[in-house]
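The structure presented is a predicted model; accordingly, all values stated were derived computationally and were not measured. The analysis underlying the following values was restricted to heavy atoms, covering all of them including side chains, and did not include hydrogens, waters or symmetry mates.
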Amino acid sequence: MRGAVIHAPGDIRLETLEDPKILHPTDAIIRTAVTCVCGSDLWPYRGTEPTDAAHPMGHEYVGFVEEVGSQVTSVKPGQFVVGSFATSDNTCANCRNGFQSSCLNREFMSTCQADYVRIPNAQGTLVATDGVPGQEFWPGLLAVSDVMGTGWWAADAAEVEPGSTAVVVGDGAVGLCAVIAAKEMGAEQIIAMSRHEPRQELARQFGATDIVVERGEQGVAQIKELTGGIGADSVLECVGTAEAMRQALHSARPGGNVGFVGVPHDVALDGQELFFSHVGLRGGPAPVRRYLPDLIDRVLTGRIDPGKVFDLTLHLDQVAEGYRAMDERSAIKALLQP
């Protein structure tokens with residue numbers, strides 16, 4: 001099969017790899033319908049995370065079941081399935097508590113920019129749709145496997161409630177999906193922080209009521225001005241940088257909450273500042289599996305359309321172009337067709 005492999009910063013290649021095989025009775029093999037490049041893939045691409053040896057890339061996927069292990073009964077060959085970047089048995093104590101991304105048997109996906117993918121913990125990870133959805137739904141369902149699920153987690157962790165005010169820090173695919181989530185959870189005022197007009201427009205389509213372009217203390221001042229001088233009830237941090245985290249913490253009102261879902265890089269918190277802020281803080285890898293049935297239904301019924309975050313569609317053999325476009329911010333998110 002063909003699969004994307006990173007060799008060094010800026011060096012992504014599509015190579016011929018071994019076809020995946022069932023290694024454990026809990027595995028499944030899927031044929032990829034569509035996959036994509038994630039913003040978090042840019043960390044190693046930019047050299048922010050080291051690449052000590054060449055390895056496959058990709059953790060977002062939807063596709064058709066080709067083969068299942070002997071212990072997999074929840075899905076069968078031929079079905080169209082949606083999964084998560086973090087696999088889970090969906091039976092351990094952490095899974096039962098709704099944190100499947102902390103499953104005791106968790107494995108993170110890392111080989112999905114390919115024709116075929118082995119899915120560990122398939123019984124608990126994969127959710128089959130009723131029949132094969134029309135191809136027009138595939139981008140939205142692909143978004144559900146990560147960025148929409150992660151945006152939903154940001155809103156959930158920040159405790160967005162009906163009638164509340166919410167700020168979204170970050171205008172990448174996760175941030176834009178977080179706007180959708182805040183809208184769906186009933187936020188009355190949704191402030192998106194963005195400097196890029198196409199992303200601002202999409203944020204407004206998704207439900208943003210206000211746009212703030214400023215950063216740092218000026219950005220915080222704008223948030224305070226838009227929220228009666230006190231700050232937002234909920235802040236959804238969808239970047240992972242130290243600047244974004246500071247922005248989030250300073251934009252929340254006392255008693256408000258920050259949901260942080262951007263993978264942290266060089267983020268350090270001042271304990272005294274956090275202590276006196278009265279701001280709640282929760283985050284981590286999104287428990288996407290918890291939300292899959294609900295989000296799949298919202299996509300297939302047309303209630304939400306997170307597939308709009310894919311503004312560049314390429315064939316899998318153009319994967320390097322997808323990375324370049326996202327790195328240069330000329331694309332929000334690149335969809336890859338095998």
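Asp233 and Thr165 share a donor-acceptor pair across their side chains, judged by distance under 3.5 Å alone. At a cut-off of 3.5 Å, with distance as the only test, a side-chain donor of Gln100 or Asn90 sits close to an acceptor on the other residue.
Between Leu336 and the choices Leu14, Asp317, Val319, Leu142, the side chain to side chain contact (heavy atoms under 4.5 Å, CB included) rule is met once, by Val319. Screening Val235, Val267, Val169 against Met245 for a side chain to side chain contact (heavy atoms under 4.5 Å, CB included) leaves a single residue, Val267.
Summarising the local packing, NE2 of His7 is surrounded by more than 12 heavy atoms from other residues, nucleotides or ligands at distances under 6.0 Å. Residue His278 qualifies as open at atom NE2: its count of foreign heavy atoms under 6.0 Å is 12 or below. More than 12 heavy-atom neighbours from other residues, nucleotides or ligands sit within 6.0 angstrom of CZ on Arg204. For Glu136, the CD atom sits in a packed shell: over 12 heavy atoms of surrounding residues, nucleotides or ligands are nearer than 6.0 Å. Atom CD of Glu328 is surrounded by more than 12 heavy atoms from other residues, nucleotides or ligands within 6.0 Å.
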Query - Derivation and outcome, side-chain contact (heavy atoms from CB on, under 4.5 Å), residues Ile119 and Tyr61 - result: CA-CA 10 Å; Ile119 312 294; Tyr61 59 94; 3.6 Å; yes
Query - Step-by-step side-chain contact (heavy atoms from CB on, under 4.5 Å) determination, Arg31 to Met1 - result: CA-CA 10 Å; Arg31 173 172 55 87; Met1 71 168 187; over 6 Å; no
Query - Full working for side-chain contact (heavy atoms from CB on, under 4.5 Å) between Leu249 and Glu237 - result: CA-CA 9 Å; Leu249 287 172; Glu237 191 282 305; over 6 Å; no
Requested in this report: Decide yes or no on side-chain contact (heavy atoms from CB on, under 4.5 Å) for Met109 and Thr87, but give the supporting numbers first.
Outcome: CA-CA 7 Å; Met109 297 300 299; Thr87 73; 3.6 Å; yes
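Of the possible donor and acceptor atoms, none in the side chain of Trp153 sits under 3.5 Å from a partner among the backbone N and O of Gly259. Side chain of Gln123 to main chain of Thr73: a donor-acceptor pair is present (N/O by atom type, distance under 3.5 Å, no hydrogens or angles). For Thr35 (side chain) and Glu60 (main-chain N/O), a donor-acceptor pair under 3.5 Å exists by modelled atom type. Of the possible donor and acceptor atoms, none in the side chain of Glu159 sits under 3.5 Å from a partner among the backbone N and O of Glu161.
From Arg199, atom CZ reaches atom CD1 of Ile332 across 5.0 Å, with rounding to the nearest 0.5 Å. The structure places CD1 of Ile223 at 7.0 Å from CD of Gln247, a figure rounded to the nearest 0.5 Å. Rounding to the nearest 0.5 angstrom, the gap separating the CG atom in Leu292 from the CZ atom in Arg290 is 11.5 Å. Between the CG atom of Asp210 and the CG atom of Leu226 there is a distance of 5.0 Å, given to the nearest 0.5 Å. Glu66 CD to Ile22 CD1: the interatomic distance, rounded to the nearest 0.5 Å, is 10.5 Å. Thr129 OG1 to Asp297 CG: the interatomic distance, rounded to the nearest 0.5 Å, is 12.0 Å.
Nearest heavy-atom pair, Asp89 versus Cys103, reported as atom, atom and distance to 0.1 Å: N-SG, 3.3 Å. Taking every heavy atom of both residues into account, Asn121 and Glu107 meet most closely at ND2-N, 4.3 Å. Listed here is the closest heavy atom pair of Val168 and Cys238: CG1-SG, 4.4 Å. Considering every non-hydrogen atom in both Ser88 and Cys95, the closest pair reads CB-SG, 3.8 Å. Nearest heavy-atom pair across Pro9 and Gly47 is CG-CA, 3.7 Å. Of all heavy-atom pairs spanning Ala128 and Val75, the tightest one is CB-CG1, 4.2 Å.
By the 4.0 Å N-to-carboxylate-O rule, Arg13 lies close enough to Asp11 to be salt-bridged with it. Residues Glu243 and Arg215 are not paired through a salt bridge, judged by the lack of any N-O separation under 4.0 Å between the basic side chain and the carboxylate.
Within the structure, the side-chain hydrogen bond (donor to acceptor under 3.5 Å, both in side chains) test picks out the following pairs touching residues 167-183 (sequence neighbours left out): Asp171-Ser194, Asp171-Arg329.
Listed by chain and residue number, nothing satisfies the ring pair (Phe, Tyr, Trp, His ring centres under 6.0 Å) test with Phe85 (two or more places apart in sequence, or in another chain).
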